[in-house]
Amino acid sequence: MTITSGRVLVAGATGGTGRRVLDVLHTSDSEVVVRALTRSPDAESPLRDRGADEVVIGDVMNPDDAARAVADVDAVICALGSSLGLDTLTSDSADGEGTKNLIDAACEAGVEQFVLVSSLGVGDSAPGMPLGLRLLFRGLGVLPAKARAEAHLRDSGLTYTILRPGGLTNADATGDVVVGEGGDTVSGSIPRADVAGLCVASLFTPAATNRTFEVVAQDGLRGTPEGIVEIDWQTAPAAARGGSTVEESESAD
């Protein structure tokens, strides 16, 4: 991709982070074609109003739908998430199998870049999520599913960036994030709007290639950070705005 052209698929476009990715892409100076993926036909009009040029109705749990979604796409921003409930105990989810289907389809389609929004608490970043929440999300299968998706992406051969945000909030973007690399690096919270900005910036930042980052906002930082890295993000697009409720997980279809 270049900063002024290409087609970007936003998977999980109806979720809290996915909507803000659309906002960032819509307000940036680039001329990328933005494609949104959703399971709900009723979401098509709101997604177009939010800046999507194209909308694909499909379910990533279906490999054929995943293949349709990535056709002629240069890059994927995957912000899929699962609803928390008993069904996550008995079946895999968009966080796991659905994301793996999208990764496989992206490989087959020759997609150039794949940005995955994961979570603090996954894999070697486990200490970054408070113990109670970590036990809950692990018990519900969310963290193991995200770990499988991360591993699948690393092994896929795709050029990737994995972002592990802390507790997600609906606050305004701060533009001041703390980026760690190495797993047990940072803990705290971060606005979805800041995560969305990093997702888009990752597409145009060579230094972010094939790396996994833990990210929180400076004003949401808990404890003493370690393993901090300085990244020269190549874009600084305008970010979405919102409220301020803290959440640790979200559903996006």
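What you see is a predicted model; the values in this text were computed from it and never measured.
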How close do [X] and [Y] get, heavy atom to heavy atom, and via which atoms?
X: Ser119; Y: Met129; value: OG-CE, 3.8 Å
X: Asn210; Y: Thr159; value: OD1-CA, 3.5 Å
X: Gly58; Y: Asp65; value: CA-OD2, 3.5 Å
X: Gly51; Y: His26; value: CA-ND1, 3.7 Å
X: Gly81; Y: Ala94; value: O-CB, 4.2 Å
X: Leu143; Y: Gly121; value: CD1-O, 3.6 Å

Exercise. Is there a path of hydrophobic side-chain contacts, each under 4.5 Å between heavy atoms of I, L, V, M, F, W or Y residues, that connects Ile57 with Leu47?
Worked result: yes

Roughly how far apart are [X] [atom1] and [Y] [atom2], rounded to 0.5 Å?
X: Leu9; Y: Leu102; atom1: CG; atom2: CG; answer: 6.0 Å
X: Ile103; Y: Leu153; atom1: CD1; atom2: CG; answer: 4.5 Å
X: Ile77; Y: Arg35; atom1: CD1; atom2: CZ; answer: 14.0 Å
X: Glu31; Y: Asp53; atom1: CD; atom2: CG; answer: 11.0 Å
X: Asp194; Y: Thr174; atom1: CG; atom2: OG1; answer: 3.5 Å
X: Arg148; Y: Asp95; atom1: CZ; atom2: CG; answer: 9.5 Å

Could you tell me if the side chain of [Y] sits less than 4.5 Å from the side chain of [X], heavy atoms only?
X: Val115; Y: Tyr160; answer: no
X: Val8; Y: Leu203; answer: yes
X: Ser189; Y: Leu168; answer: no
X: Asp74; Y: Gln113; answer: no
X: Trp233; Y: Ser202; answer: yes
X: Val178; Y: Thr185; answer: no
X: Thr205; Y: Ile231; answer: yes
X: Ile228; Y: Val186; answer: yes

For this session: Would you please test Asp184 and Glu226 for side chain to side chain contact (heavy atoms under 4.5 Å, CB included) and show each step?
Result: CA-CA 7 Å; Asp184 185 8; Glu226 298 183 5; 5.9 Å; no

Side chain of [X], backbone of [Y]: donor and acceptor closer than 3.5 Å?
X: Arg19; Y: Thr14; answer: yes
X: Gln234; Y: Phe204; answer: no
X: Arg7; Y: Asp72; answer: yes

Exercise. Can a salt bridge be assigned to the pair Arg164 and Asp124 using a cut-off of 4.0 Å between side-chain N and carboxylate O?
Worked result: yes

Exercise. Any Lys/Arg nitrogen of Glu150 or Arg154 sitting under 4.0 Å from an Asp/Glu carboxylate oxygen of the other?
Worked result: yes

Problem set entry | side chain to side chain donor-acceptor pair (under 3.5 Å) partners of Gln218, counting only residues at least two apart | none

For this session: Report the C-alpha distance between Thr161 and Thr209 in whole Å, list the side-chain angles of each, state the deciding distance to 0.1 Å, and finish with yes or no for side chain to side chain contact (heavy atoms under 4.5 Å, CB included).
Result: CA-CA 6 Å; Thr161 301; Thr209 296; 5.7 Å; no

Exercise. Passes side chain to side chain contact (heavy atoms under 4.5 Å, CB included), Val34 versus Val32? Steps please.
Worked result: CA-CA 6 Å; Val34 180; Val32 296; 4.1 Å; yes

For this session: Let me know which of Thr99, Asn101, Asp104 forms a side chain to side chain donor-acceptor pair (under 3.5 Å) with His152.
Result: Asp104

For this session: Tell me, with the steps shown, if Val142 and Lys146 meet side chain to side chain contact (heavy atoms under 4.5 Å, CB included).
Result: CA-CA 6 Å; Val142 174; Lys146 288 183 179 293; 3.9 Å; yes

For this session: Begin from the C-alpha positions of Glu54 and Arg48 and carry the test salt bridge (Lys or Arg N to Asp or Glu O under 4.0 Å) through to its verdict.
Result: CA-CA 7 Å; Glu54 304 170 352; Arg48 290 188 181 277; over 6 Å; no

For this session: Test salt bridge (Lys or Arg N to Asp or Glu O under 4.0 Å) on Lys100 and Asp155 and set out the steps.
Result: CA-CA 11 Å; Lys100 289 168 67 176; Asp155 293 340; over 6 Å; no

Exercise. Checking salt bridge (Lys or Arg N to Asp or Glu O under 4.0 Å) for the pair Arg20/Asp23: CA distance, chi angles, key distance, verdict?
Worked result: CA-CA 5 Å; Arg20 287 161 176 80; Asp23 291 341; 6.0 Å; no

